[in-house]
Protein chains: 2
Amino acid sequence: MSNLFPEFTNHLRRFIKLDDDELKAVLSFMRPLSVKKKSFLLNEGQICRSNFFTEKGCLRMLFIDAKGVEQTTQFAIEHWWLADYMSFTNQSPAQFSIQAVEHSEVLALDYDLQEKLLAAVPQMEQYFRIVFQKAVAASQLRMMYTNDLSREDMYRFFVRSFPEFVQRIPQYMLASYLGFTPEYLSELRRKIA
Amino acid sequence: MSNLFPEFTNHLRRFIKLDDDELKAVLSFMRPLSVKKKSFLLNEGQICRSNFFTEKGCLRMLFIDAKGVEQTTQFAIEHWWLADYMSFTNQSPAQFSIQAVEHSEVLALDYDLQEKLLAAVPQMEQYFRIVFQKAVAASQLRMMYTNDLSREDMYRFFVRSFPEFVQRIPQYMLASYLGFTPEYLSELRRKIA
DNA sequence: CGCGGGTTTGATGATGCTCAAGCCCGGTGG
DNA sequence: CCACCGGGCTTGAGCATCATCAAACCCGCG
């Protein structure tokens, strides 16, 4: 059981206590997906029907800005959850798309199964409370960094914080995540090297 | 009971079912505070010991940037929760301060009481899960707006979205919340009027 | 009445964007 | 196996946006 989806199982057990039956029950609600590089799990305009857990690989959330340019707002690597939570919560059309950055193994928790899961295994209410609380904490910090640091310092900071991850993604995704153009990122790289 | 803290009571009942005894139990964990304009509920460097619910008035979260300038990252008006969630979750020193923008009535839920509350009234686990899920949804949207809109459009958008709220706060707070200088905000106002 | 925090004004200049062109490299089809 | 194609990265010139700094002003509060 525990080696079926090791990242997810570990993540669960990091935050809540579950016996083997409960774990088995939880996993029975999760829908495993193999998604290949560049394929989409959600398209803008659709309803976000699932909350996605990245077991392996990397997802990103993006939208098309007023000028028609892709803007990446989040990445989800191993053991992160990702969804357009406005769309997911209200089952309304999504403003974002979700795409696999690389080949990924994902666990999808569908909206209409979530309430059954929460009823079947009440600890999951606590699990998600903790997951979301941490997500809010992270977004508060991110907000601080984006206000405090210049574009150049943002880049330096990101590279120092996630040196291995920078290798995994194309520059244009990182540029839009950090809030600037690929041209400017290219200029920064030259300047720094 | 229900008219003691009407905003909080309504908010609870909007998301979970509680009978009168449970409501009473919940309220017994909340510490009411009357805070006057400009006083601080949390100072950078301290540990954030409480999660704050705004019953009446307005709080803001802020930090001092590298140049020594105050930057506002969030407001919490009636029926919003606010805390430095990194500090609160880990009981580690806060990066942010929290200040009353105007005279406010606040309910504080202390860190060490929260677990007792969650044990006493398990529905509260669900309540906070929903509250945090909505907070994540809001921050995803905010991220989209800040990437998509120019500073000028940000300002227009904010004023159109919260016309009454703009009246309640000084310009310099709004400027830093929107990510620009008071001087530039002043210029924008003149230009638009 | 005077003080001081907050807002306005304007000049100057840096940061980072736009646009256009060229280049590099990996994948695909002939 | 090679040639080509195209996506992504680089380069550079010109420019817009918005910050900085300094000064004056306004007005609410003590």
Using whole Å, report how far [atom1] of [X] lies from [atom2] of [N].
X: A/Glu183; N: C/dC17; atom1: CD; atom2: C1'; result: 8 Å
X: B/Lys67; N: C/dA14; atom1: NZ; atom2: P; result: 14 Å
X: B/Leu188; N: C/dT8; atom1: CG; atom2: P; result: 11 Å
X: A/Tyr155; N: C/dG16; atom1: OH; atom2: C1'; result: 16 Å
X: B/Arg151; N: C/dC17; atom1: CZ; atom2: C1'; result: 13 Å
X: A/Phe180; N: C/dT18; atom1: CZ; atom2: P; result: 13 Å
X: B/Tyr184; N: C/dT15; atom1: OH; atom2: C1'; result: 14 Å
X: B/Glu70; N: C/dG5; atom1: CD; atom2: P; result: 12 Å

Less than 4.0 Å between a side-chain N and a carboxylate O, is that true for B/Glu125 and B/Arg129? no

Does A/Glu187 reach a base, just sugar-phosphate, or nothing at all? Heavy atoms under 4.0 Å. nothing

Looking at B/Lys38, does any N or O in its side chain come under 4.0 Å of the phosphate oxygens OP1/OP2 on C/dG6? yes

Within the structure, does a side-chain N or O atom of B/Arg190 lie under 4.0 Å from either OP1 or OP2 of C/dT9? yes

5' to 3' on DNA chain D, which nucleotides open and close the contacts with chain B (atom under 4.0 Å from a heavy atom)? D/dC18 to D/dC21

Determine whether the aromatic ring centres of [X] and [Y] lie less than 6.0 Å apart.
X: A/Tyr177; Y: A/Phe158; result: yes
X: B/Trp80; Y: B/Phe75; result: no
X: A/Phe53; Y: A/Phe5; result: no

Residue A/Glu164 excluded, over 12 heavy atoms near CD under 6.0 Å: yes

Does the side chain of B/Asp110 reach to within under 4.5 Å of the side chain of B/Ser50, using non-hydrogen atoms? yes

Could you tell me which non-hydrogen atom of B/Arg13 sits nearest to which non-hydrogen atom of B/Asp20, and how far apart they are? NH2-OD1, 3.4 Å

Nucleotide nearest B/Gln171 (side chain, heavy atoms from C-beta), chosen from C/dT7, C/dT18, C/dG16: C/dT7

